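These notes are about the structure you will find just below.
Small disclaimer: the values here were computed from a predicted structure and weren't measured. Residue numbering restarts at 1 for every chain, and letters A, B, ... go by the order of the sequence lines. Heavy-atom basis, side chains included; hydrogens, waters and symmetry copies ignored.
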Amino acid sequence: MTEVRVRFPPSPTGYLHIGGARTALYNWLFAKKHNGKLVLRIEDTDAERSTQASIDGIIEGLEWLGITWDEGPYFQTEFAAEHVARAHQLIRSGHAYKCFCTKEELDQKRDLAQEAKREYGYDGACRRLGAAEVAEREARGLPYVVRFKVEREAGGEVSFEDRVLGVVARSLHDIEDFVIVRSNGQPLYLLSNVVDDIRDRISHVIRGQDHLGNTAKQILLYRALGAPVPVFAHMPLTLDLNKAKISKRSHGEIVAVQFYQQRGFIPWALANFLVLLGWSPGDDREIFSREELIEAFTLERINRSNSIFNYKKDDPKFFTDPKAISINEHYLRTLPIEEVAGLVEADFKAKGLWREGYAGAERAWFLATLDLVRSRFHTIADFATLGRAYFADDFEFEEAAVRKNLLKFPELKEWLPQLADRLAALSDFTPEATEAVMRELAEELKVKPGVVINGVRTVVTGRLAGPSMFEVLTAIGQQRVVARLRRAGELFD
RNA sequence: GGCCCCUUCGUCUAGCGGCCUAGGACGCUGGCCUCUCACGCCGGUAACACGGGUUCGAACCCCGUAGGGGUCACCA
């Protein structure tokens with residue numbers, strides 16, 4: 001069996017699109033599964049868009065997701081000479097020819113055909129030119145493009161067995177003599193892509209179904225160049241709720257991998273979600289470790305139909321596909337706490353919340369506190385916002401919490417400072433001890449324990465709800481709890 | 001419009017002729033737990049696009065229809 005070699009060939013657009021990330025992921029999984037190689041190739045022939053920043057954006061996105069490659073990045077522009085050389089080889093072997101038709105002429109013919117509602121394909125005018133005619137035009141310095149000569153014998157068709165779609169066939173009569181080199185001498189994508197894949201010895205081309213229409217032409221190119229045709233697998237596209245292709249232009253940053261990074265997604269959680277968009281293992285599993293996923297992945301189990309990215313704009317509760325969020329939550333609450341801590345550390349450092357003690361003397365406290373609150377958070381970023389009161393004193397008070405837990409019981413303004421004194425007197429600040437003190441106070445005051453407990457919650461954490469209150473007090477610590485309760489009155493003004 | 005691909009709950013999907021009165025997950029929702037919220041657990045809601053065949057039997061096979069998507073450049 002020949003070596004499995006796949007590639008991911010993004011064109012640099014400044015960020016890694018989640019659709020591109022999914023393509024990269026499938027290629028990576030397939031390579032890993034078969035002990036093959038993944039080649040990263042930057043298709044930078046569009047010089048306008050290909051800035052270093054764009055390239056960095058894509059590479060960072062891949063690295064963040066944990067997608068590793070074995071070769072590259074290679075840059076398509078570096079091989080332009082080779083692409084053109086191959087085109088001339090095709091001219092010599094009779095598989096391609098020079099075409100002197102101008103763009104204007106062709107546009108005109110196309111417009112005419114469109115008006116008459118006729119099919120349009122290049123009419124092959126230059127294909128019939130004799131050697132002398134070609135020489136004469138070249139001598140006059142006329143610019144030309146190189147066209148591939150499609151041999152259309154009766155009933156001819158080109159077909160291939162797609163690993164996702166099955167047999168796909170297309171009549172040769174539906175394929176025009178396509179251009180492979182521009183009149184300015186620059187090779188076109190169709191050619192470059194094939195020449196690069198041949199040179200990189202790509203065995204399997206795994207790409208989106210938007211490339212399905214190119215495949216027949218490319219197979220013709222492989223054959224004419226005398227190269228083995230790779231196996232193709234065309235994966236379904238990802239659309240939005242209106243069945244439109246998701247794009248940055250119409251959907252904004254939601255389509256960029258970087259967005260998820262910024263919003264505090266766990267990288268593997270996003271990968272896990274993405275892989276499920278158009279693929280399933282055939283059983284009920286949805287959560288996979290890397291190893292499990294590599295083991296389970298097969299091209300044949302990729303779906304044939306497009307999937308929809310379930311994202312409703314303007315729904316604050318779901319800032320992206322709810323399933324993606326739920327998978328992220330799953331990882332957030334089940335990952336070893338040390339791993340969560342690593343992600344929180346990076347986030348805290350970026351936000352100025354990090355304290356060196358969290359890696360040293362306060363390590364146990366730090367881990368226990370993360371563990372205490374993680375089950376009600378959605379992303380890593382929530383620790384610094386919703387969970388801020390555990391790590392800093394400059395947290396905010398939820399308006400609804402103040403209203404429901406404090407203002408509704410004005411007496412708390414007096415009671416809470418009293419409680420502060422009692423808590424300050426405790427020599428053993430344990431959950432059991434604080435609970436006893438609080439219940440005792442509630443009983444003396446003849447109010448339900450919840451009134452006191454929830455009042456404390458809001459004063460101490462700023463929130464309406466949270467973990468077991470007594471655990472929270474221990475986590476935040478006697479000093480800070482007492483200090484916050486003594487100043488409770490300020491919240492009633 | 002031509003060509004190509006696709007069509008199971010709102011969404012992601014299982015299903016490859018009988019195990020389907022169609023299973024799981026997310027979402028939504030009822031309940032349990034409880035100091036609140038979340039987690040967790042138990043339950044509910046909701047789908048085979050339509051019409052013809054083939055067959056003893058069809059979500060699964062065939063043919064139409066409808067719908068959706070992709071692609072038709074000297075872009076990638």
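- With sequence neighbours excluded, the residues satisfying side-chain contact (heavy atoms from CB on, under 4.5 Å) with A/Lys217 are A/Ile175, A/Phe178, A/Leu190.
- With C1' as the reference atom, B/C12 and B/C72 are 31 Å apart, rounded to whole Å.
- Residue-level contact check: A/Arg457 touches the bases, meaning some heavy atom is under 4.0 Å from a base atom.
- Base pairing of B/C3 is made with B/G70, judged by Watson-Crick or G-U wobble geometry with both donor-acceptor distances under 3.5 Å.
- If you measure from atom CG of A/Leu239 to atom C1' of B/U7, you get 13 Å, rounded to the nearest angstrom.
- Counting any heavy atom pair closer than 4.0 Å across all strands shown, A/Pro9 reaches no nucleic acid atom.
- Taking the P atom of each, B/C9 and B/G24 are spaced 16 Å apart, rounded to whole Å.
- Residue contacts for A/Gly278: at a heavy-atom cut-off of 4.0 Å it reaches the sugar-phosphate backbone alone, with no base atom in range.
- Using a 4.0 Å heavy-atom cutoff across all strands shown, A/Asn193 reaches no nucleic acid atom at all.
- Contacts of A/His211 with the nucleic acid, taken as non-hydrogen atoms under 4.0 Å apart, include base atoms.
- Both distances falling under 3.5 Å, in either a Watson-Crick or a G-U wobble arrangement, place B/U65 opposite B/A49.
- Between A/Asn328 atom CG and B/C26 atom C1' there is a gap of 14 Å when expressed in whole angstrom units.
- Nucleotide B/G43 has B/U29 as its partner under the Watson-Crick or G-U criteria, with both atom distances under 3.5 Å.
- The aromatic rings of A/Tyr189 and A/His211 sit tilted, their planes meeting at an angle between 30° and 60°.
- Atom P of B/U8 sits at a distance of 9 Å from the matching atom of B/U13, rounded to the whole Å.
- The separation of B/C26 from B/G40, taken at their P atoms, amounts to 8 Å, rounded to a whole angstrom.
- Atom CG in A/Leu276 sits roughly 14 Å away from atom P in B/G27 (whole-Å rounding).
- Residues from residues 382-391 of chain A with heavy atoms under 4.0 angstrom of RNA chain B: there are none.
- A/Asp177 and A/Tyr97 share a side-chain donor-acceptor pair at under 3.5 Å.
- The nucleotide B/U54 finds no pairing partner, because no Watson-Crick or G-U wobble arrangement with both distances shorter than 3.5 Å includes it.
- Residue A/Val179 is classed as a sugar-phosphate contact, given heavy-atom separations below 4.0 Å to backbone atoms only.
- Using a 4.0 Å heavy-atom distance criterion, A/Lys245 is classed as a sugar-phosphate-only contact.
- Inter-residue side-chain proximity for A/Ile254 and A/Tyr311 is flagged as met; some heavy-atom pair is nearer than 4.5 Å.
- A/Asn328 and A/His378 form no side-chain donor-acceptor contact under 3.5 Å, judged by distance and modelled atom types alone.
- Between A/Ser280 and B/A14 there is a side-chain N or O to OP1 or OP2 distance below 4.0 Å.
- Using a 4.0 Å heavy-atom cutoff across all strands shown, A/Pro449 reaches no nucleic acid atom at all.
- Across all strands shown, A/Gly282 has heavy atoms under 4.0 Å from sugar-phosphate atoms exclusively, and none from any base.
- Dense packing is recorded around CZ of A/Arg422, with more than 12 heavy atoms of other residues, nucleotides or ligands lying under 6.0 Å away.
- Using a 4.0 Å heavy-atom distance criterion, A/Phe318 is classed as a sugar-phosphate-only contact.
- No hydrogens or angles considered: a donor-acceptor pair under 3.5 Å links the side chains of A/Thr215 and A/Arg207.
- In this entry the distance linking CG of A/Asp210 with P of B/U71 reads 6 Å, nearest Å.
- Residues A/Asp210 and A/His234 have side chains that never bring a donor and an acceptor to within less than 3.5 angstrom of each other.
- Within the nucleic acid shown, A/Lys243 comes within 4.0 Å of sugar-phosphate atoms alone, with no base atom in reach, counting heavy atoms only.
- Looking at heavy atoms from C-beta onward, A/Arg41 lies in side-chain contact with A/Asp200 at the 4.5 angstrom threshold.
- Nucleic acid contact for A/Ser468: base, since at least one base atom lies under 4.0 Å from a heavy atom of the residue.
- Taking for each of A/Ala169 and A/Pro236 the nucleotide of RNA chain B with the nearest heavy atom, the 5'-most of the two is the partner of A/Ala169.
- When each of A/Val181 and A/Asn454 is assigned the nucleotide of RNA chain B bearing its nearest heavy atom, the one mapping closer to the 5' terminus is A/Asn454.
- Residue A/Ala324 is out of contact with every strand shown, counting any heavy-atom pair closer than 4.0 Å.
- When the P atom is compared between B/G44 and B/C5, the two are found 41 Å apart, to the nearest whole Å.
- Atom name C1', nucleotides B/A66 and B/C75: the rounded distance is 34 Å, in whole Å.
- Note on A/Thr45: a side-chain N or O is less than 4.0 Å away from OP1 or OP2 of B/A76.
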Which atom pairs, one a donor and one an acceptor, fall under 3.5 Å between side chains of residues 243-250 of chain A and the rest of the protein, sequence neighbours left out?
{"from": "A/Ser247", "atom 1": "OG", "to": "A/Ser250", "atom 2": "N", "distance (Å)": "3.3"}
{"from": "A/Ser247", "atom 1": "OG", "to": "A/Ser250", "atom 2": "OG", "distance (Å)": "2.7"}

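- Contact annotation for A/Lys317: backbone-only contact, meaning every heavy-atom pair under 4.0 Å involves sugar-phosphate atoms and none involves a base.
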